[in-house]
Structures are given as C-alpha cells and as structure tokens.
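It should be emphasised that the depicted structure is a prediction, and the values quoted were computed from it without experimental measurement.
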Amino acid sequence: MGCPFDLVVDRCSTLSYKWDALLENFGREDLLPMWVADMDFRPPETVVKAVLDRAAHGIYGYERRPSSFAEAVLNWLKQRQDWEIDPAWLIHTPGVVSGLTLSVLAVTEPGEGVVIQPPVYPPFYRILQANGRVPVENPLVEENGRYVMNLGQLEEIFRSGVKTMLLCSPHNPVGRVWSRAELESLAELILKYDVTVIDDEIWADLVFPGVKHTPLASLSPEIAHRTLTFNAPTKTFNIAGLYVSNGIIPNEAYRERINELLLGLSVGTVGFFGLVAAETAYTTGAKWLDELVAYLEENADYVIRELSRIAPQIKILRPEGTFVLWMDCRELGIPLEDLNQFFVQKAGIALNEGSAFGPVGLGFQRMNIGCPRSLVTEVLDRLEKALAAL
C-alpha cells in the first residue's frame, strides 16, 4: 500500500476556492494552485467515514454540541500540547478568524491600536481595519537564519500605551514555532504593561519533530488571564470547509463578552458535520497526524534543497512547522512589482503575493506545500523552465 499523501485527488469543480477560483484571482485556470492554505490530502479515513455515516441519515437539522465533543478537545490539548484546561474556559466559533474578530470587538474600542507582527496572516490587517482599529506593526526580524520577535521595539510600543496584541503562534507565513523561552520573554512584557493577547494557534498541531509548540496561556495563570486563544482541527486535519473552532478563554469577563457577541450577532452555531468530523479527528487522528507532519517536513526539505539547485537566488529560512514556505525572491532580478506576474504568466504557478502579509512582504511569495510531492515536483519543474527563459 502506497503513502496516502502521495495520492493526487482531483479537486477541480468541487467548489474548492483554492482550485476553482484561479481565473477570478489570477486570470488563468491552468495554474498549479499553491496559494490558499488548505491541503490536497484526504482527512483520516475515520473522519471521512464518520461524515458519510452521518450524511447517510438524511436529515440535517440544527446541531447540538455533545459533552463528548468538549471532552475530545480537552483530551487532545492535554495529550498533544501538555495543556490542561478548565472545561468552563472552552467556547466554540465557526472559525478561528471569526473568534479573533469577536475578541477584537470584545476587548478593544474603535480607534485603539493593536500590535501585529508582519509579515503576518493577511486577515489580521482586515480584522482591525474593517472594525475601526489601528494595526501597530512590530515586524519580525531575521537573526541567525531565522525570524525572531523584536522585543525591544515591542516594549516601546507597549510603553506608548498600546494594550492589545494579535499573536500568530506558530507563525504564518514564516513557519516559526515560538520557543518557550521566547514566549516567556513576551510574557514578561505582557505582565509588565498589562497587555491582552488574542492568540491565533490554528497551526499548533503542525510542528515538525524536535520542535514543541507551547500555548502562551499555559505559561502561568497570570498570562492565561490575559490571553484569548483560538485553535481548531480544521487546518490540522484538512476539514476547513466544515467550520468549527475552539476558543480557550480563562478570563470570565472576556468569555462573557464573547458569548454575548456570539448571541447578539447570531454567529454562535457550528455545523454538525464539523462537530462529527472534529470529534472523530481528535479521538482517532493522532497517528495520521504524525505521518502527515513527517511528510510535510520532507516536502519542505525537498523544496529548499531543489531551489538551492535551480534557483539559489530564492532564499527560504527553514520552517519549524506549518505547510507554507516564505520565499524571498528579491534577488531574482525581476522588478518587485512584476514578481507575481512572473510566477503566474511565465511559470504557471499561483502563489500568495508577499505584500498581502504587510509592506515588509514585498518581494516575497508564500508557497503552500500541503500537497502530494508529485505536484511539488511539477511546480519546481515549471519554475526551473521559467527561470531558464529569463
């Protein structure tokens, strides 16, 4: 039996945004889509079977969240992240982004500044700007071959009066898994300046062997009181279209505000297919996930190795997790404003353009490697031919 992650599944005409929205976003349909951060792998077969069995019932009414679902979440966090939480802290939202948005509305006021650390997931900007908050940039810096937080600048920002931070942990797009020591240094500033952190941990399960993800809120009760954490099985098990995520909010006042918003905005429901898939994934998917992470790490190493041969001008700082690569293309000799068109028109590849992750991303591209290696190989072949034609 071959590796299940080598299976190429045709996703065209399946309402896949990644595969079916190429024409409207890039002007061509014949591109290899390496952009939207979902994977081209089937979830664990136990998850597929559970969803199919539920679908076979034939009635799809309103959902009820069983206690077994919460137990599955709590057990997963304890086993995979060494984080034991009080069940009372747990809430659910349709997605992590909606949870982050609700948190911004709950803990900040219009006109307030909120720290973000670009290059960073583009919805961080959208959440703040669409809701009248001000992004305060604390860009990551490159140090000894990896990205790190600029804590000196961050302290100056906190000292100036900014009281809220949107944290991406692990970080998208640079692939850093913040070490415990780094998070402890951040925690010192959080306590010193009484800062509230809204923490996106959707990538928490996708960390490479030898690296450990530490939930910020697990550091101490004092930090937990100032942290609103959101994670999900959706990225982990490739079930993003089923819309279910977890919020862990120890601060009772914050949790009550979020619940009030969920009720007031009528966005507190999650689909029962999501509940079925998530609970099944959490209870049966550990072995599948371990195999997936190993495959993703091999994909990352393969791309970095091959790019050093065919395009040494493209620099990638090796990620510690996720399934995205942050590609520094500034030395290709292509005008930065033409870079995206080169990948689309010359190479036939759809990537995420770097400036979407903040101004510091100009000249970069984000590549999704959550796909069979044969597709990665085809991308690299296309890129090699396009570069040879320059």
message: Counting neighbours of OH on Y243 that are heavy atoms of other residues, nucleotides or ligands and sit closer than 6.0 Å, is the number greater than 12?
response: no
query: Less than 4.5 Å apart, any side-chain heavy atom of T108 and any of T196?
result: no
message: Check for me, please, whether F237 and V207 land in the same ILVMFWY cluster - side-chain distances under 4.5 Å, paths through other members count.
response: no
- prompt: Is there a donor-acceptor pair closer than 3.5 Å between any side-chain N or O of S16 and the backbone N or O of C12?
  reply: no
- prompt: Looking only at heavy atoms, which two atoms of F230 and I249 are closest? And how far apart?
  reply: CZ-CD1, 4.2 Å
message: Heavy-atom count check: over 12 atoms from other residues, nucleotides or ligands less than 6.0 Å from K49 NZ?
response: no
message: For residues 54-81, which residue pairs pass the salt bridge (charged side-chain N to carboxylate O under 4.0 Å, His left out) check, not counting sequence neighbours?
response: K78-E84, R80-D290
task: Could you tell me whether the side chain of S355 and the main chain of L362 form a donor-acceptor pair under 3.5 Å?
output: no
query: Can you find a pair of side-chain heavy atoms, one from V195 and one from R226, that are under 4.5 Å apart?
result: no
task: For V162 and V114, run side chain to side chain contact (heavy atoms under 4.5 Å, CB included): C-alpha distance rounded to whole Å, both residues' side-chain angles, the deciding distance at 0.1 Å, then the answer.
output: CA-CA 7 Å; V162 177; V114 178; 5.7 Å; no
- line: salt bridge (charged side-chain N to carboxylate O under 4.0 Å, His left out) pairs touching residues 243-265, sequence neighbours excluded, are none
field: Pairwise distance CD(E45) to OG1(T280) - rounded to 0.5 angstrom
entry: 12.5 Å
- request: Specify whether W178 and H171 have parallel, tilted or perpendicular ring planes, treating 30° as the upper limit for parallel and 60° as the lower limit for perpendicular.
  value: perpendicular
task: Kindly write out the residues that satisfy ring-ring contact (aromatic ring centres under 6.0 Å, His included) with Y302, not counting sequence neighbours, or none if the list is empty.
output: none
query: Do the side chain of E182 and the main chain of S179 share a donor and acceptor less than 3.5 angstrom apart?
result: yes
query: Out of curiosity, does V73 fall in the hydrophobic cluster containing L275 (side-chain heavy atoms, cut-off under 4.5 Å, transitive links)?
result: yes
- prompt: Side chain of N150, backbone of N138: donor and acceptor closer than 3.5 Å?
  reply: no
task: Quick one: list whatever passes side chain to side chain donor-acceptor pair (under 3.5 Å) with K18, sequence neighbours left out.
output: D40
task: To the nearest 0.5 angstrom, please state how far the CG atom of L228 sits from the CG atom of D200.
output: 12.5 Å
query: Which pairs with one or both residues in residues 12-34 pass ring pair (Phe, Tyr, Trp, His ring centres under 6.0 Å), sequence neighbours excluded?
result: Y17-W35, F26-W35
query: I316, V120: one ILVMFWY side-chain cluster at the under-4.5 Å cut-off?
result: yes
task: Starting from the C-alpha separation in whole Å, work towards a yes-or-no answer on side chain to side chain contact (heavy atoms under 4.5 Å, CB included) for V148 and R176.
output: CA-CA 8 Å; V148 299; R176 274 304 318 278; 4.0 Å; yes
- request: Treating Ile, Leu, Val, Met, Phe, Trp and Tyr as nodes and any side-chain heavy-atom pair under 4.5 angstrom as an edge, say whether I349 and V344 lie in one connected cluster.
  value: no
- prompt: So, does E24 use its side chain to make a donor-acceptor pair with the main chain of A21 at under 3.5 Å?
  reply: no
task: Mind listing the closest non-hydrogen atom pair of N246 and A232 along with its distance?
output: ND2-CA, 4.2 Å
query: Any sub-3.5 Å donor-acceptor pair from N238's side-chain atoms to F41's backbone N or O?
result: yes
query: Taking atom CG of N25 and atom CG of L31, what is their separation to the nearest 0.5 Å?
result: 10.5 Å
statement: In short, ring pair (Phe, Tyr, Trp, His ring centres under 6.0 Å) pairs touching residues 82-135 with sequence neighbours left out are F69-H92
task: List for me each residue that meets side chain to side chain donor-acceptor pair (under 3.5 Å) alongside T164, sequence neighbours excluded, and say none if there are none.
output: none
field: Those residues that, when tested against R382, pass side chain to side chain donor-acceptor pair (under 3.5 Å) (two or more places apart)
entry: E378
statement: Here the gap from Q345 atom CD to N340 atom CG, rounded to the nearest 0.5 Å, amounts to 9.5 Å
field: Student check: side-chain heavy atoms of D6 and S374 closer than 4.5 Å
entry: no
- request: Would you list the pairs meeting salt bridge (charged side-chain N to carboxylate O under 4.0 Å, His left out) in which at least one residue belongs to residues 342-365, sequence neighbours left out?
  value: none
field: Value rounded to 0.5 Å, distance of CG in L317 from CG in L325
entry: 10.5 Å
ILVMFWY cluster, V360 and V136 together (side-chain gap under 4.5 Å): no
field: Non-hydrogen side-chain atoms of I127 and R133 separated by less than 4.5 Å
entry: no
Presence of salt bridge, D205 and K235, under 4.0 angstrom: no
task: Identify the heavy atoms of A217 and A224 that sit nearest to each other, and give their distance.
output: O-CB, 3.3 Å
Separation between CG of L307 and CG of L387, rounded to the nearest 0.5 Å: 9.0 Å
- prompt: Is there a side-chain contact between Q81 and S218, using heavy atoms and a 4.5 Å cut-off?
  reply: no
message: Main chain of L77, side chain of Y282: is a donor-acceptor contact present, judged purely on distance under 3.5 Å?
response: no
query: Is there a donor-acceptor pair closer than 3.5 Å between any side-chain N or O of K212 and the backbone N or O of P209?
result: no
field: Trace of the side chain to side chain contact (heavy atoms under 4.5 Å, CB included) decision for L206 with V293
entry: CA-CA 6 Å; L206 295 167; V293 168; 4.2 Å; yes
message: Does L167 form a side chain to side chain contact (heavy atoms under 4.5 Å, CB included) with L186? I'd like the steps, not just the answer.
response: CA-CA 10 Å; L167 178 67; L186 173 62; 4.2 Å; yes
field: Whether F158 and Y193 hold their rings parallel, tilted or perpendicular, with breakpoints at 30° and 60°
entry: tilted
- request: For residues P33 and L22, determine if any side-chain heavy atom of one lies less than 4.5 Å from a side-chain heavy atom of the other.
  value: yes
query: Within a strict 4.5 Å, meaning less than it, do heavy atoms of the P233 and W76 side chains meet?
result: no
message: Closer than 3.5 angstrom, by distance alone: can the side chain of T227 be matched with the main-chain N or O of T229 as a donor-acceptor pair?
response: no
- prompt: So does R42 have more than 12 non-hydrogen atoms from other groups sitting under 6.0 Å from CZ?
  reply: no
field: Donor-acceptor contact below 3.5 Å, side chain D328 vs main chain R330
entry: yes
message: Do V376 and C371 make a side-chain contact, defined as non-hydrogen atoms from C-beta onward lying under 4.5 Å apart?
response: yes
message: Test: ring pair (Phe, Tyr, Trp, His ring centres under 6.0 Å). Region: residues 347-390. Which pairs qualify, not counting sequence neighbours?
response: W326-F357, W326-F364
- request: Would you mind listing every salt bridge (charged side-chain N to carboxylate O under 4.0 Å, His left out) that reaches into residues 143-162, with sequence neighbours excluded?
  value: R146-E320, E155-R159, E155-K192, E156-R159
- prompt: By side chain to side chain donor-acceptor pair (under 3.5 Å), which residues pair with N368, not counting sequence neighbours?
  reply: none
